[in-house]
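Below: the structure, in structure tokens.
Note that the numbering runs from 1 along the sequence shown for the chain. Note: hydrogens, waters and symmetry copies are ignored here, and every other heavy atom, side chains too, is used.
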Amino acid sequence: MILQDIYIYPIKSLGGIQLNTAKLEERGLQHDRRWMLVDGSGMFLSQRTHPQMALLQVQLKKDALLVTHKNNPDLHIEIPIKPETEQLTPVTIWEDTVEGQVVSEAVNEWFSEFMAMPCTLVKMPESTQRKLKAKYAVNGESVSYADGMPYLIIGQESLNDLNARLEKTVPMDRFRPNLVFSGGTAFIEDEWKKVKIGEATFKITKPYAKYVMTTVDQDTAQKNKEPLKTLASYRTVDNNVMFGQNMLVLTGDSIKIGDVVVGEK
């Protein structure tokens, strides 16, 4: 088995970036989900209720993020990696409320216009510790603004199995993984307790429950019942639809495409 793809999603729920190599950090891949859009009450925004967010593509530049509308390249904004304000504000992601640093008022105005609602872009400061639940953590690890865990891995064969059951196939971007590996059998990742990728080792924490975001076409922002309807027919456990495995990093500094993947049961 080989590491086939590496993805980061710097701004939660916006378009992802494919990488050849990536730096491993406790709270996730470097730059992954370190930024997040929130509404006027500080609640996180996502494609679940705002599918148009899929139309904003992010690029990583030396000192900035470039956000561009996929269908209208003239609509874009450059966001400094280092926030222009010192303002910290409470933000809520699921059951967690932590501090976020406001990036800039100009950025807020741009996103508010696109979203047609007041919103704020925040970056997670290093000082913010969003701790994993004790039953999953090994050394009191923190996580980014990801839904719950620092890393998500999915086997290409798992997607191939799903696509064989669909009338119209879907790409891997519907599931927003960090790591995709080739080889093995469908859902082999379900059997692992640990996995070694190159020189890095990860602990499998729990299956990832997938919901409505899988139904949003990442190119058009249109919603459909699939692939969730089909996936639910054979991948439902305790009313949750499972696809992929959440992880945290135990050892290692970096990974790269082509690294050998070895699962441990």
Handout entry: Side chains of H31 and K23 in contact at under 4.5 Å (non-hydrogen atoms)
Key = no
Practice task
Check whether I77 and M53 end up in the same hydrophobic cluster, where Ile, Leu, Val, Met, Phe, Trp and Tyr are linked by side-chain heavy atoms less than 4.5 Å apart.
Solution key: yes
Handout entry: Flag, side chain of K203 to backbone of Y136, donor-acceptor distance under 3.5 Å
Key = yes
Problem - Sidechain N-carboxylate O distance under 4.0 Å for D147, R48 - result: yes
Problem - Exceeds 12 heavy-atom contacts within 6.0 angstrom, atom CG of N239 - result: no
Handout entry: Flag for D217-N224: side-chain donor and acceptor within less than 3.5 Å
Key = no
Practice task
Decide yes or no for M36 and K123: does some side-chain heavy atom of the first lie under 4.5 Å from some side-chain heavy atom of the second?
Solution key: no
Handout entry: Under 3.5 Å side-chain donor-acceptor pair for Y208 and N240
Key = no
Handout entry: Non-hydrogen side-chain atoms of L132 and P150 separated by less than 4.5 Å
Key = yes
Exercise for the section: Would you sort out whether V180 and Y7 count as a side chain to side chain contact (heavy atoms under 4.5 Å, CB included), showing the intermediate values? Expected result: CA-CA 9 Å; V180 180; Y7 297 97; 4.0 Å; yes
Exercise for the section: To the nearest 0.5 Å, tell me how far W110 CH2 sits from E113 CD. Expected result: 9.0 Å
Practice task
Compare every heavy atom of H69 with every heavy atom of F114, then report the nearest pair and how far apart it is.
Solution key: CE1-CD2, 3.6 Å
Practice task
Step by step, work out the side chain to side chain contact (heavy atoms under 4.5 Å, CB included) result for K196 and E264.
Solution key: CA-CA 8 Å; K196 188 171 184 183; E264 179 184 313; over 6 Å; no
Problem - Between Q47 and Q218, a side-chain donor and acceptor under 3.5 Å - result: yes
Handout entry: Atom pair OG1 (T205) and NZ (K135), whose distance is rounded to the nearest 0.5 Å
Key = 10.5 Å
Problem - Check: E141 side chain, N139 main-chain N or O, donor-acceptor pair, under 3.5 Å - result: yes
Practice task
Could you tell me whether the side chain of D161 and the main chain of F187 form a donor-acceptor pair under 3.5 Å?
Solution key: no
Practice task
Using modelled atom types only, decide if a donor and an acceptor are shared between the side chain of S112 and the backbone of P118 within a distance under 3.5 Å.
Solution key: no
Problem - Side chain proximity check, Q57 to V67, heavy atoms < 4.5 angstrom - result: no
Practice task
State whether the side chain of E26 and the backbone N or O of S142 hold a donor-acceptor pair below 3.5 Å, judged by distance alone.
Solution key: yes
Handout entry: Pair K265 + E191: basic N to acidic O under 4.0 Å
Key = yes
Problem - Any side-chain donor near an acceptor of the partner, E189 and Q245, under 3.5 Å - result: no
Practice task
Look at the rings of W192 and F181 and say which category their plane angle falls in: under 30° parallel, 30 to 60° tilted, over 60° perpendicular.
Solution key: tilted
Fill in the blank from the handout: Given the options I255, L152, D5, L179 meets side chain to side chain contact (heavy atoms under 4.5 Å, CB included) only with I255
Exercise for the section: Hey, could you give me the CD1/CG distance between I81 and L60, rounded to the nearest 0.5 Å? Expected result: 5.5 Å
Exercise for the section: First locate atom CG of L37, then atom CE of M43, and finally report the distance between them rounded to the nearest 0.5 Å. Expected result: 14.0 Å
Exercise for the section: Kindly work out whether a path of hydrophobic side-chain contacts (I/L/V/M/F/W/Y, heavy atoms less than 4.5 Å apart) joins I153 to F202. Expected result: yes
Exercise for the section: Flag the pair R130 and E99 as a salt bridge only when some basic side-chain nitrogen lies within less than 4.0 angstrom of an acidic carboxylate oxygen. Expected result: no
Practice task
Verify, without hydrogens or angle tests, whether K70 (side chain) and A54 (backbone) share a donor-acceptor contact under 3.5 angstrom.
Solution key: yes
Handout entry: T230 side chain to P227 backbone, donor-acceptor under 3.5 Å
Key = no
Problem - Approximate separation, where rounding is to 0.5 Å, of L24 CG and D253 CG - result: 7.0 Å
Fill in the blank from the handout: Only residue of I2, T21, N20 satisfying side chain to side chain contact (heavy atoms under 4.5 Å, CB included) with I257 is N20
Practice task
Following the transitive rule for hydrophobic clusters with a side-chain heavy-atom cut-off under 4.5 Å over Ile, Leu, Val, Met, Phe, Trp and Tyr, establish whether M117 and L14 coincide in one cluster.
Solution key: yes
Practice task
Report yes if the side chains of D32 and P10 come closer than 4.5 Å at any heavy-atom pair, otherwise no.
Solution key: no
Exercise for the section: Apply the test salt bridge (Lys or Arg N to Asp or Glu O under 4.0 Å) to residues R34 and E25: give CA-CA distance (whole Å), side-chain angles for both, the deciding distance (0.1 Å), then the verdict. Expected result: CA-CA 12 Å; R34 300 304 198 276; E25 296 180 352; 2.7 Å; yes
Problem - Close side-chain approach of K194 to L250, heavy-atom, < 4.5 Å - result: yes
Handout entry: Test item: K131 side-chain N/O and G140 main-chain N/O as donor-acceptor pair under 3.5 Å
Key = yes
Problem - Atom pair CG/CD1 of L65 and I11 - distance to nearest 0.5 Å - result: 5.5 Å
Handout entry: Sole residue of V143, I93, N178, I8 in side chain to side chain contact (heavy atoms under 4.5 Å, CB included) with R33
Key = N178
Practice task
Establish whether V38 and Y145 are linked, either directly or via other cluster members, by ILVMFWY side-chain heavy-atom contacts under 4.5 Å.
Solution key: yes
Practice task
Evaluate the side-chain proximity of E126 to R27: yes if any heavy-atom separation is below 4.5 Å, no if none is.
Solution key: yes
Practice task
Please check if L56 and I79 belong to a single hydrophobic cluster, counting links between Ile, Leu, Val, Met, Phe, Trp and Tyr side chain heavy atoms closer than 4.5 Å.
Solution key: yes
Practice task
Report the C-alpha separation of V122 and W35 in whole Å, then their side-chain angles, then the decisive distance to 0.1 Å, and conclude whether the side chain to side chain contact (heavy atoms under 4.5 Å, CB included) test is met.
Solution key: CA-CA 6 Å; V122 298; W35 290 262; over 6 Å; no
Exercise for the section: Given side chain to side chain contact (heavy atoms under 4.5 Å, CB included), test V91 with V98 step by step and report yes or no. Expected result: CA-CA 6 Å; V91 295; V98 294; 4.1 Å; yes
Exercise for the section: Take atom CD of Q129 as the centre, draw a 6.0 Å sphere, and report whether it contains more than 12 heavy atoms from other residues, nucleotides or ligands. Expected result: yes
Completion exercise
Heavy-atom nearest pair, A221 first then P51, reads CB-O, 3.3 Å
Handout entry: Expected output: side-chain H50 to main-chain Q52 donor-acceptor under 3.5 Å
Key = no
Exercise for the section: Taking D259 for its side chain and K256 for its backbone only, find out whether a donor-acceptor pair lies under 3.5 Å. Expected result: yes
Exercise for the section: For the pair K133 and E95, find out whether any cationic side-chain nitrogen is under 4.0 Å from an anionic carboxylate oxygen. Expected result: yes
Practice task
Taking the side chain as every heavy atom from C-beta outward, state whether V170 and F175 have any atom pair closer than 4.5 Å.
Solution key: yes
